[in-house]
2 protein chains.
Amino acid sequence: MAGQVQRQTGVALWRQIADRIRQAISAGAYDETGMVPPETVLALQFGVNRHTVRSAIAALAQEGIVRAVQGRGTLIERKERLNFPITKRTRFTAGIGEQAREMRGLLLSYSEEKADAEVARGLKIRPGEPVIRMETVRKADGSPVSCATAWFPAGRFGGMPDAYKRTESITKAFAELGLPDYVRATTEITAVHADEADTAALELSPGAILLITKAVNTDLEGVPVQYAISRFAADRVQFTIEN
Amino acid sequence: MAGQVQRQTGVALWRQIADRIRQAISAGAYDETGMVPPETVLALQFGVNRHTVRSAIAALAQEGIVRAVQGRGTLIERKERLNFPITKRTRFTAGIGEQAREMRGLLLSYSEEKADAEVARGLKIRPGEPVIRMETVRKADGSPVSCATAWFPAGRFGGMPDAYKRTESITKAFAELGLPDYVRATTEITAVHADEADTAALELSPGAILLITKAVNTDLEGVPVQYAISRFAADRVQFTIEN
DNA sequence: TATAGTTGTCTATATCAATAGACATTTAAA
DNA sequence: TTTAAATGTCTATTGATATAGACAACTATA
């Protein structure tokens, strides 16, 4: 974990240090002991006062990642970073099935609306045609992993919100609606700072990073069936592309 | 751009606001006027003092994204985002060939070293075997887009640093060294905050976001020829995966 | 040439972030 | 039972962040 923290950047030192420690934990840097190094050691490493390190650790404790025990040290409670393979058969639930015990997709809201230019391009329909929009949040073992906004052609998949609410899975909902299989056509990936809504929904600290995917799924004939913009907590996930 | 900023989170208000405005610009929110709304309007929108908004705009001006003109307003200077397709034939230079006039790869430094566990896993060699490491920065039309650390098996590609320095391209350097074609095997994508070294190399503002790719390229027989960790300025690029 | 609207500069004040040091409290091991 | 090593708590001080208000300087337009 080389490299010093930066001052006067608008990001407090304690937050930078919290981010770095969180990353080191998820990279397995402290697996040998299962503990974060002592505060005095970290303060020396980062070139800051011990109190500043304490602020960082307090933030991580608040997130449930570590637990400080007086006299012993700071224990690591949780270190997951979920991996999402992106392939022709990209599935949210199945993709991380072995990495978490319980995967759930929750429907926050939905509505029927007219496709704007972006959605129309994704679904290969004309702007103004009716689409179903769903806002969802997806959780692994109860911890929120991503928010998604998904659009479906209204004519073919009008029953999607109801089916999704019942099955908590896009794949199962598609199956119920007569589409047993579908494939990932394109995926775009960018990264931005989280805004307020996503910070709340994903239980992030402000200034946190989001990985954004814009994906088009099609049926086996290549007809688009879903356009989705998903927002992932960058410190909890990574994507893998296998060619 | 609804939603208020958050206080006491370790991220200064001016930085949160700068991030939000940057995002709004790149989403085309101000395309109609080509200008950012007046400081007083933004201050009202975000629920902060006008001086706080001014700090945010000063940061964006420092990045070259906007230019404030007394008496007129704050003009948008730049809003582009380069697209990188990730496929079997992923090439940095050719990939964005049509999006920029001039693509260059510059060799910052190189050395011969022994493979650590991560590099050995990527190149499918034993830890400790000799590898060539190159630190490079890649530019589009003179503007830095990414930093990369790349490793090559030393025996087969000892001449890589010299060839790369001459050709400014991995693809051309491989060709010179007797490898006319290669394919992308795997790509991992994550996102983090930029550290000090990358902030300097990519001419970023502190606290900026990096998209990280860890990629393995192989020859046509599937033998790994390159393991590379690239760090992209997230506000200048996006990735596209076509299946 | 006024005038409205905009950015630029200055002073002052309050709060948050960071440093510094001292000492208490708890745990585990000598 | 000591002792070393770790976290917890307290006070004090400095610098960065944020607010508040007033006014100057510049631009475009009526």
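Order of the sequence lines fixes the chain letters, A, B, ..., with proteins taken first and strands second; residue numbering starts at 1 for each chain. When reading the values below, keep in mind they use all heavy atoms of this one structure, side chains included, and skip hydrogens, waters and symmetry mates. Just so you know, these numbers come straight off a predicted model, no measurement behind them.
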### Task
Run the numbers on B:E129 and B:K114 for side-chain contact (heavy atoms from CB on, under 4.5 Å), then give the verdict.
CA-CA 5 Å; B:E129 287 191 34; B:K114 294 180 194 301; over 6 Å; no
Rounding to an integer number of Å, can you tell me how far [X] [atom1] sits from [N] [atom2]?
X: A:E39; N: C:dT26; atom1: CD; atom2: P; answer: 16 Å
X: B:F46; N: D:dA18; atom1: CZ; atom2: C1'; answer: 16 Å
X: B:Q16; N: D:dA18; atom1: CD; atom2: C1'; answer: 13 Å
X: A:L13; N: D:dT17; atom1: CG; atom2: C1'; answer: 13 Å
X: A:L42; N: D:dA6; atom1: CG; atom2: P; answer: 11 Å
X: B:R54; N: D:dG21; atom1: CZ; atom2: P; answer: 17 Å
X: A:N49; N: C:dA20; atom1: CG; atom2: P; answer: 6 Å
X: B:W14; N: C:dC16; atom1: CH2; atom2: C1'; answer: 15 Å

### Query
Counting only side-chain N and O atoms of A:T52, is one of them less than 4.0 Å from OP1 or OP2 of C:dA17?
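No.
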### Task
Ignoring backbone atoms, establish whether A:R50 has a side-chain N or O less than 4.0 Å from OP1 or OP2 of C:dA20.
no
### Query
Judged by modelled atom types alone, do A:S146 and A:R231 share a side-chain donor-acceptor pair under 3.5 Å?
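No pair is found: no donor N or O on one side chain lies under 3.5 Å from an acceptor on the other.
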### Task
Check step by step if side-chain contact (heavy atoms from CB on, under 4.5 Å) holds for B:L202 and B:C147.
CA-CA 7 Å; B:L202 294 174; B:C147 290; 3.8 Å; yes
### Message
With side-chain hydrogen bond (donor to acceptor under 3.5 Å, both in side chains) as the criterion, how do B:R15 and B:S55 come out once you've worked through the C-alpha distance, each side chain's angles and the decisive distance to 0.1 Å?
### Response
CA-CA 8 Å; B:R15 172 142 295 284; B:S55 298; over 6 Å; no
### Any N/O donor-acceptor pair, A:Q70 side-chain to D:dA6 base, under 3.5 Å
no
### Message
Tell me whether the side-chain N or O atoms of B:H51 pair up with the base of D:dG21 as donor and acceptor below 3.5 Å, since no angle test is needed here.
### Response
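A donor-acceptor contact between them is present.
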### Message
Taking the minimum atom-to-atom distance to the side chain of B:P38, which one of C:dT7, D:dA18, C:dA18 wins?
### Response
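It is C:dT7.
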### Message
So if I take every side-chain heavy atom of A:R72 and compare against C:dT7, C:dT27, C:dA17, which nucleotide ends up nearest?
### Response
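The listed nucleotide nearest to A:R72's side chain is C:dT27.
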### Message
Considering every strand and a 4.0 Å limit on heavy-atom distances, what is the contact class for A:T74: base, sugar-phosphate, or nothing?
### Response
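Sugar-phosphate contact only - A:T74 comes under 4.0 Å of backbone atoms but never of a base.
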### Task
Please report the C-alpha distance between B:F239 and B:F232 in whole Å, then the side-chain angles of each, then the deciding distance to 0.1 Å, and finally whether the ring-ring contact (aromatic ring centres under 6.0 Å, His included) criterion is met.
CA-CA 10 Å; B:F239 298 123; B:F232 296 81; 5.0 Å; yes
